[in-house]
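What follows is one structure encoded as structure tokens, with my remarks underneath.
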2 protein chains.
Amino acid sequence: MAGAPREREESLDVIQRELTAFARRARAAAARLHPDLPLVSYTLLAHIDHRQGCRATDLAAHYMLDKSTVSRQVATLEKLGLVERHPDPDDHRIQVLHPTTAGVRALASTQASRRAAYRERLGEWTADDLARFAEYLLRYNATGDGTDPR
Amino acid sequence: MAGAPREREESLDVIQRELTAFARRARAAAARLHPDLPLVSYTLLAHIDHRQGCRATDLAAHYMLDKSTVSRQVATLEKLGLVERHPDPDDHRIQVLHPTTAGVRALASTQASRRAAYRERLGEWTADDLARFAEYLLRYNATGDGTDPR
DNA sequence: AAAGTTAGTTGTATGCTACAACGAATAGGG
DNA sequence: CCCTATTCGTTGTAGCATACAACTAACTTT
């Protein structure tokens with residue numbers, strides 16, 4: 001570990017700094033993209049949609065949020081008519097979450113403008129670089145925490 | 001635009017999803033890393049340190065924050081004795097921000113544990129991958145917004 | 001059946017943020 | 001030299017997101 005090149009440290013610092021900067025800006029950027037949808041709720045809705053049908057606990061684990069936070073966010077989403085809860089027939093504690101038709105629609109429209117923003121931002125990148133960047137991010141996020149096994 | 005490979009779209013989606021997930025988790029992760037330092041303030045302090053001496057406006061631009069937000073955060077940092085304000089002799093509106101000795105110290109200790117966390121998370125990565133990941137992040141952040149010119 | 005565990009909700013407090021209205025300092029015309 | 005931008009920063013106010021703790025309901029284990 002002594003001989004490890006100093007370049008690694010530098011790369012780590014850059015990664016750390018840039019990820020932080022990104023995280024910091026993300027809120028503002030997201031708010032600009034979909035001023036209508038309550039922002040965080042959008043994220044949760046997207047995740048609910050991505051894995052068709054998931055529990056509140058899954059959301060909490062995936063995003064490292066307290067269950068109370070998720071509970072309120074889901075309540076908001078439900079009030080907006082974007083998400084439905086179906087009690088699990090096998091276990092009445094569990095509510096399985098699904099996007100409603102309106103939810104899917106809202107998601108699609110937001111997704112579109114969001115994708116456009118990304119496309120503009122990453123338009124110059126080669127498909128190769130995009131693929132590698134995506135792979136790095138996946139690897140980075142997968143490593144970290146026990147968020148969810150798969 | 002029609003012939004653009006669908007792979008690009010997929011990569012974009014992955015990038016979007018993973019960056020979002022990261023941003024979402026970042027708060028919780030950061031809170032774990034330095035429970036003492038008010039979290040956001042840490043970020044600002046790091047930036048103040050990184051560019052030796054900057055104005056509140058610079059911080060706001062860099063992180064896409066409202067000046068009022070920065071004002072309060074800086075006030076907090078000052079109250080904690082981590083940052084000093086020096087009025088610019090040429091322009092009395094401007095306050096140049098500098099970390100205090102305590103600020104540098106706090107930053108160093110946090111930086112250390114933070115770096116350790118990153119090192120653990122990215123320990124398996126080759127130096128090459130790290131460098132490329134860092135470069136992608138730099139490129140990504142640089143492109144986006146008029147945060148700051150350089 | 002009693003004790004323990006898991007899913008989710010609600011009460012409460014706090015942090016971070018934006019927007020708007022303001023004060024102070026400077027810069028640019030007439 | 002005043003009068004009007006413009007720029008930098010603060011304070012008032014309000015809202016969202018979040019955590020922690022206490023609680024209910026439902027399942028599980030012994």
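Just so we're on the same page: letters track the sequence lines, and every chain starts at 1.
- Side-chain proximity of A:R24 to D:dA17, C:dT5, C:dT17: nearest is C:dT17.
- Here B:D88 does not pair with B:R55 in a salt bridge; the nearest charged N to carboxylate O distance is not below 4.0 Å.
- Nearer the 5' end of DNA chain D, as judged by each residue's closest nucleotide, is the contact made by B:R85, out of A:D88 and B:R85.
- Sorted by first and then second residue, the ring-ring contact (aromatic ring centres under 6.0 Å, His included) pairs involving residues 111-131 of chain B (not counting sequence neighbours) are A:Y136-B:W125, B:W125-B:F133.
- Contacts of B:D91 with the nucleic acid, taken as non-hydrogen atoms under 4.0 Å apart, involve only primed sugar atoms and P, OP1 or OP2.
- C:dT10 is paired with D:dA21 under the Watson-Crick or G-U wobble criterion, all donor-acceptor distances under 3.5 Å.
- One donor-acceptor pair, N or O on each side, does fall under 3.5 Å between the base of C:dG11 and the side chain of A:R72.
- Out of C:dT26, D:dA21, D:dG12, the shortest distance to the side chain of A:S68 is found at D:dA21.
- For the pair A:M64 CE and D:dT18 P, the computed distance is 12 Å after rounding to whole Å.
- If you measure from atom CG of A:D66 to atom C1' of C:dT10, you get 12 Å, rounded to the nearest angstrom.
- Checking the phosphate oxygens (OP1, OP2) of C:dG15, no side-chain nitrogen or oxygen of B:R27 falls inside 4.0 Å.
- Among C:dT10, D:dT11, C:dT17, the nucleotide with an atom closest to any side-chain atom of A:S71 is C:dT10.
- A:T69 comes within 4.0 angstrom of a base, heavy atoms only.
- In this structure, C:dT26 makes no Watson-Crick or G-U wobble pair, since no nucleotide meets both defining distances under 3.5 angstrom.
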